[in-house]
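Notes for the one structure printed next.
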Amino acid sequence: MRTQVAIIGGGPSGLLLAQLLFARGIESVVLERKTKEYVLGRIRAGVLEQGFVSLMEEAGCADRLHAEGIPHNGTLISYGEEIFRVDFTRHTGSPVMVYGQTEVTRDLYQAREEVGGHIEFTVENVVIHGADGDAPHVTYTVDGVARRIDCDFVVGCDGFHGVSRQTIPADVRKEYEKLYPFGWLGILSETPPVNRELIYANSPRGFALCSMRNENLSRYYIQCSLDDTPEDWSDEAFWDELKCRIPAEVAAKLVTGPSIEKSIAPLRSFVTEPMRWGRLFLCGDAAHIVPPTGAKGLNTAASDVHYLYNGLRDFYENDSTAGIDSYSEKALARVWKAERFSWWFSSLMHTYPDQSGFDLKMQQAEIDFLRTNTAAQQAMAENYVGLPY
Ligand code: RFL
Ligand code: PHB
């Protein structure tokens with residue numbers, strides 16, 4: 001089989017890129033290791049930047065997002081019993097949109113299916129060949145049967161554990177990583193959210209986040225030990241712990257119920273450079289990971305897609321390699337700023353096992369500065385709603 005762009009990974013990055021390319025008449029094939037149901041079963045991001053929303057519009061996939069997404073004009077931050085608000089719209093003119101990654105992915109799959117987009121599921125043994133030459137190809141198997149795609153370009157949208165990044169020779173790749181000494185235990189429950197806006201909570205017992213998907217679907221997280229498993233946490237233990245980490249006036253309003261999903265994610269900052277090797281490009285989690293504090297993961301994947309999509313358009317429509325040649329540099333400039341924000345916000349809000357009395361006072365002083373300083377709130381708001389592409 002032959003196509004213009006072979007895309008490894010059918011998560012949000014791969015599907016969004018495929019749909020945007022389609023809108024410009026550029027052909028692609030998406031190769032996904034899992035089934036569609038499996039991909040849609042993963043509960044992940046919940047907050048979209050305006051730039052992401054605009055890309056979904058450009059891809060012709062934003063109708064449900066506009067109908068069901070909830071614009072948020074600000075967020076609350078609590079420290080013990082203290083609580084204050086950072087107003088995004090006042091500081092930046094832009095809200096963020098609360099709309100789950102699951103729904104984004106569902107909309108993109110539906111759009112791909114409606115136009116007969118080519119997606120192969122349950123592919124195994126994906127190998128990228130000849131990416132450093134002019135005629136790359138990808139081999140893989142489905143149900144034990146070997147297949148091959150010849151293409152102009154290969155795009156690795158296969159997440160942190162995919163094969164694309166590893167295809168770039170080790171002596172070309174430079175990787176930067178920071179691991180955090182805790183994870184997030186998250187639950188989804190069919191209960192009304194405790195508050196209209198998200199609450200990021202710092203408490204002596206650890207971080208907590210009150211988020212949501214819609215008016216009867218809540219998403220809550222608590223910082224947990226890396227040794228914990230979801231089975232260690234009964235629903236009751238989770239709710240009890242959450243209540244201890246948010247201000248008493250908020251805890252009093254919390255409606256609890258059975259969890260319909262419960263999982264633990266470790267926290268990691270990671271970047272690989274460059275994001276291009278010959279005719280192979282990396283997009284999204286395949287190239288970088290942020291800790292989820294600040295909701296930058298999916299949004300940074302989207303800015304990669306934006307730069308790459310425009311570069312590929314330039315190549316096919318104007319016969320110019322300028323866009324693809326500057327892809328890695330442009331994408332990384334924005335990625336590092338999202339890394340900085342996520343690292344800063346994570347450091348501000350979590351309890352560290354080896355935190356000294358001095359470290360704690362620094363955290364307290366910084367939160368108090370954010371609470372009382374307009375410039376600090378503006379800087380936070382600009383980063384949270386998303387830096388310009
Ligand atoms: P994905 O979603 O990991 O998709 C990669 C796809 O590639 C497939 N794959 C392969 N396919 C073929 N061959 C192979 N060898 C393959 N290896 C892997 C996988 O099956 C998968 O379908 O990467 P993508 O598309 O780059 O999207 C990135 C986002 O998923 C991620 O950044 C966000 O979920 C991060 N994130 C958040 N981001 C936000 O912007 N806002 C948020 O509020 C937010 N909250 C979160 C998050 C991530 C979390 N976890 C679990 C890590 C909350 C959590 C708890
Ligand atoms: C979520 O709703 O899953 C969510 C929201 C904000 C974050 C991280 C996760 O910073």
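The basis for the numbers below is simple: all heavy atoms, side chains too, and nothing from hydrogens, waters or symmetry mates. In listed order, ligands and their atoms are each counted from 1.
Formation of a donor-acceptor pair under 3.5 Å by the N310 side chain with backbone atoms of H306 is found in this model. Judged by distance alone, with hydrogens and angles left aside, the side-chain atoms of R245 form a donor-acceptor pair with the main-chain N or O of R205 at under 3.5 Å. Side-chain atoms of E103 do not come within 3.5 Å of backbone N or O of L65 as any donor-acceptor pair. Panel note: side chain S234, backbone A237; a donor-acceptor pair is recorded below 3.5 Å. Not a single donor-acceptor pair under 3.5 Å links the side chain of D132 to the backbone N or O of W277.
If you look at L48 next to ligand 1, there are no close heavy atoms at all, none under 4.0 Å. Of all the heavy atoms of N299, the ones lying under 4.0 Å from any atom of ligand 1 are found in both the backbone and the side chain. Neither the backbone nor the side chain of F160 has a heavy atom within less than 4.0 Å of ligand 1. At a 4.0 Å heavy-atom cut-off, ligand 1 touches R42 through the side chain alone.
S263 and E261 share a donor-acceptor pair across their side chains, judged by distance under 3.5 Å alone. Defined by atom type and a distance below 3.5 Å, a donor-acceptor pair is present between the side-chain atoms of E58 and Y309. Judged purely by distance below 3.5 Å, without hydrogens or angles, the side chains of S189 and T191 pair a donor atom with an acceptor atom.
Sorted by chain and number, the residues within 4.0 Å of ligand 2 by heavy atom are R44, G46, V47, W184, L198, Y200, L209, S211, R213, R219, Y221, P292, G294, A295.
Heavy-atom contacts of V126 reach the following atoms of ligand 1: 13 (N) (cutoff under 4.0 Å). Within ligand 1, counting atoms from 1 as listed, the ones closer than 4.0 Å to a heavy atom of G46 are 42 (C), 43 (O). Applying the 4.0 Å criterion to heavy atoms of L31 picks out, from ligand 1, the atoms 11 (N), 12 (C). Numbered from 1 in the order shown, with element, the atoms of ligand 1 that lie under 4.0 Å from a heavy atom of Y221 read 53 (C), 55 (C). Every atom of ligand 1 with a heavy atom of S13 under 4.0 Å away is listed here by number and element: 24 (P), 25 (O), 26 (O), 27 (O). Less than 4.0 angstrom separates some heavy atom of G284 from each of these atoms of ligand 1: 26 (O). Of all the atoms in ligand 1, the ones that sit under 4.0 Å from a non-hydrogen atom of G162 are 17 (N). Each of the atoms 5 (C), 7 (O), 9 (N), 10 (C), 16 (C), 17 (N), 18 (C) of ligand 1 lies under 4.0 Å from some heavy atom of D158.
Nearest heavy atom pair, residue I246 against residue A201, reads CG2-CB, 4.0 Å.
The N/O atoms of A286, backbone and side chain alike, include none that comes under 3.5 Å of an N/O atom in ligand 1. For ligand 1, the polar-atom distance check finds no N/O of G14 at less than 3.5 Å from any of the ligand's N/O atoms.
Counting only heavy atoms of the protein, atom 4 (O) of ligand 1 lies nearest to G11 CA, 3.6 Å. The shortest contact between atom 15 (N) of ligand 1 and any protein heavy atom is with V163 CG1, 3.7 Å. For atom 40 (O) of ligand 1, the closest heavy atom belonging to the protein is L298 N, 2.7 Å. Nearest protein heavy-atom neighbour of atom 52 (C) of ligand 1: A265 CB, 4.4 Å. Looking only at heavy atoms of the protein, atom 30 (O) of ligand 1 is closest to Q101 NE2, 2.8 Å. Atom 31 (C) of ligand 1 has as its closest protein heavy atom D285 OD2, 3.3 Å.
Taking the centre and axis of the six-membered ring of F238, the NZ or CZ atom of K243 falls outside the cone set by 45° and 6.0 Å. A cation-pi arrangement is present between K178 and Y180, with the terminal nitrogen or guanidinium carbon under 6.0 Å from the aromatic centre and inside a 45° cone about the axis. A cation-pi arrangement is found for R165 relative to F160, the charged atom lying closer than 6.0 Å to the ring centre and inside a 45° cone about the ring normal. Geometrically, K36 does not engage Y38 in a cation-pi contact, judged by NZ or CZ lying under 6.0 Å from the ring centre and within 45° of the ring axis. Under a cutoff of 6.0 Å and an axis angle of 45°, R147 and Y140 do not form a cation-pi pair.
Within the set A45, P12, P292, the minimum heavy-atom distance to atom 42 (C) of ligand 1 is found for A45. Evaluated by nearest non-hydrogen atom to atom 3 (O) of ligand 1, the leading choice among H161, R33, E32, R44 is R44.
Taking 4.0 Å as the cut-off, Y140 does not count as a neighbour of ligand 1 on heavy-atom distance. Residue contacts with ligand 1: C157 is included, with a non-hydrogen atom under 4.0 Å away.
Using a cut-off of 4.0 Å between Lys/Arg side-chain N and Asp/Glu carboxylate O, R85 and D87 are scored as salt-bridged.
For the ring-ring contact (aromatic ring centres under 6.0 Å, His included) criterion with H350, the lone passing option out of F207, W344, W343 is F207.
From Y99, atom OH reaches atom CG of L48 across 9.0 Å, with rounding to the nearest 0.5 Å.
Within a 6.0 Å radius of CZ in R196, other residues, nucleotides and ligands contribute 12 heavy atoms or fewer.
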